[in-house]
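So the structure is just underneath, and the comments pick up after that.
Only a predicted model underlies this, so the values are computations on that prediction, with no experimental measurement involved. FYI, side chains are in, hydrogens and waters are out, and symmetry mates aren't considered; it's all heavy atoms of this structure. Below, chains carry the letters A, B, ... as their sequence lines are ordered, and counting in each starts from 1.
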Number of protein chains: 2
Amino acid sequence: MAQQPDTVTRILDTAEVLFAERGFAETSLRNITSKAKVNLAAVNYHFGSKKALIQAVFARYLDPFTVRFHAALDELEARHEGGVIPLEELLETMARSVLEVPAERHSLKVFMRLLGLAYSQAQGHLRRYIQEQYGSVFTRFTELVRQATPELPDAERFWRLHFMLGTVIFTLSGLDALRDIAEKDYGEHVSVRDLVRRLRPVVVAAMNAPLPEPAPVQREAG
Amino acid sequence: MAQQPDTVTRILDTAEVLFAERGFAETSLRNITSKAKVNLAAVNYHFGSKKALIQAVFARYLDPFTVRFHAALDELEARHEGGVIPLEELLETMARSVLEVPAERHSLKVFMRLLGLAYSQAQGHLRRYIQEQYGSVFTRFTELVRQATPELPDAERFWRLHFMLGTVIFTLSGLDALRDIAEKDYGEHVSVRDLVRRLRPVVVAAMNAPLPEPAPVQREAG
DNA sequence: AGAACATTCAAACAATTGTTTCCAATGACG
DNA sequence: CGTCATTGGAAACAATTGTTTGAATGTTCT
């Protein structure tokens, strides 16, 4: 069942880069196999189908991430002995977990671009797959955030978390294009870690923003 | 040259919905023409190619938007007689302009989903096309934001604007999926305008967030 | 009316897609 | 040795893709 060495890894390495660059539908199996220098039939032989290959590419990132993130949350909870964990520490822990995983493998840029694609592209199988992998950690993380921000209404916190998810995924997945503009306009080269540094106060401020004015009563009075 | 009535509009109406639902590569011309009840060749006859059709779909949103947004900024500048326009008013004006345009046409959801796709999918022709259409208004808007936030370093403002762009596009383009979750978990049905109401204080707080700690000197000291 | 033009239609085009099959070569392990 | 899983190669598969063609039809103007 399990492959240890070459062909499978070669396919995954090539596929994730091409997927990140051009999307799933725009990347053909022949693109992958020719660049990876493996036979065309190898993909169907080892993975079964293109859909399964796509999921395998994600699994190689998500599996280590969930393990690591759970462990980091374990340690964080132990350190606070059942007390409330401050929001900044929760966000910091998440950022660290996200940053650690691709460091062993490929660039964070590829990982984030894949996440962005998963959200915007292919409506079907991928979203479900991600939900199954991400679901448990994200639920746990959400609950900790709830305890850290007791003053926030549940719905408000839900939406703000997704606002910030959008900020991070959008920025990091479109990093190349944005970096080009920024570099041209401000001469300054930004690294991913530089961006995370800039993101931190913004995310914290966004989560702690004042509550919106209550919704008007269905139809605004004249 | 100009078609007034049926076939062209029918194609555009159908194409924008299908594109928004499934992406560009995943939507075939036969999907569009069969659902629009027009002949397959009609697309190439009226638009020339699929790429041109995609751009036409965007033009139908972006052209009215840029006109309207420029006008709104004109009025805003006139009202402040050369003085600095507060950030809240700038954001409010932009939100209003974005909300107004699709109201005449289709749902804001489709518009935002298309914007999201333009950013995440197909790196080539579309991004350039959007840049040409959006470029002038966005530059003008950016300059006004600069005057409204003189304390922000230029690079910091650039990134924060894109952070917020990511928040809005990501949230509104993935609205359907998020709405399903929110509705299931909190029983509350959210409208687009409800979401904009929630976004406002978050965006303002994010833009006014404290500056990040300065970047470490290349390699952190032990 | 006829001429000129714009549009619609069915059919075919060439190219590319994911997938399968058959066959030979390789290596590992019993 | 022989068995079996893994590779590589080449070919073909059925299906779908965007695009083009040429004839039929409609519309418009003189």
Could you tell me how far apart [X] ([atom1]) and [N] ([atom2]) are, to the nearest whole angstrom?
X	N	atom1	atom2	value
A/Leu29	D/dG9	CG	C1'	17 Å
A/Asp6	C/dA28	CG	P	13 Å
B/Arg30	C/dA12	CZ	P	13 Å
B/Phe47	D/dG18	CZ	P	15 Å
A/Arg10	D/dT7	CZ	P	9 Å
A/Leu53	C/dT17	CG	P	15 Å
B/Phe24	D/dG18	CZ	C1'	17 Å
B/Asn44	C/dA10	CG	P	16 Å

Requiring both pairing distances under 3.5 angstrom, list the stems that contain DNA chain D and are made of three or more consecutive Watson-Crick or G-U pairs.
C:1-13 with D:18-30, C:19-30 with D:1-12
Does [X] put a side-chain nitrogen or oxygen below 4.0 Å from OP1 or OP2 of [N]?
X	N	result
A/His46	D/dA5	no
A/Ser28	C/dT16	no
A/Tyr45	D/dT6	yes

From A/Lys50 atom NZ to A/Thr27 atom OG1, the distance as rounded to the nearest 0.5 Å:
6.5 Å
OG1 of A/Thr167 to CZ of A/Arg160: how many Å apart, nearest 0.5 Å?
12.5 Å
Looking across every strand, which nucleic acid part, if any, lies under 4.0 Å from B/Thr27 by heavy atom: base, sugar-phosphate, or nothing?
sugar-phosphate
Presence of salt bridge, [Y] and [X], under 4.0 angstrom:
X	Y	answer
A/Arg140	A/Glu143	no
B/Arg113	B/Glu16	no
B/Asp13	B/Arg10	no

Can you list, in residue-number order, the parts of residues 35-42 of chain A that come under 4.0 Å of DNA chain C, counting heavy atoms only?
A/Leu40, A/Ala41
Residue of the set B/Phe58, B/Tyr61, B/Phe65 for which ring pair (Phe, Tyr, Trp, His ring centres under 6.0 Å) holds with B/Tyr134:
B/Phe65
What's the verdict on side-chain contact (heavy atoms from CB on, under 4.5 Å) for B/Phe24 and B/Leu126, showing C-alpha distance, side-chain angles and the deciding distance?
CA-CA 11 Å; B/Phe24 305 117; B/Leu126 234 182; 3.6 Å; yes
For A/Glu89, is the CD atom crowded, meaning more than 12 foreign heavy atoms sit under 6.0 Å from it?
yes
Could you walk me through whether A/Phe141 and A/Phe69 satisfy the ring pair (Phe, Tyr, Trp, His ring centres under 6.0 Å) test, starting with their C-alpha distance in whole Å, then the side-chain angles of each, then the deciding distance to 0.1 Å, before giving a yes or no?
CA-CA 9 Å; A/Phe141 179 73; A/Phe69 192 37; 5.7 Å; yes
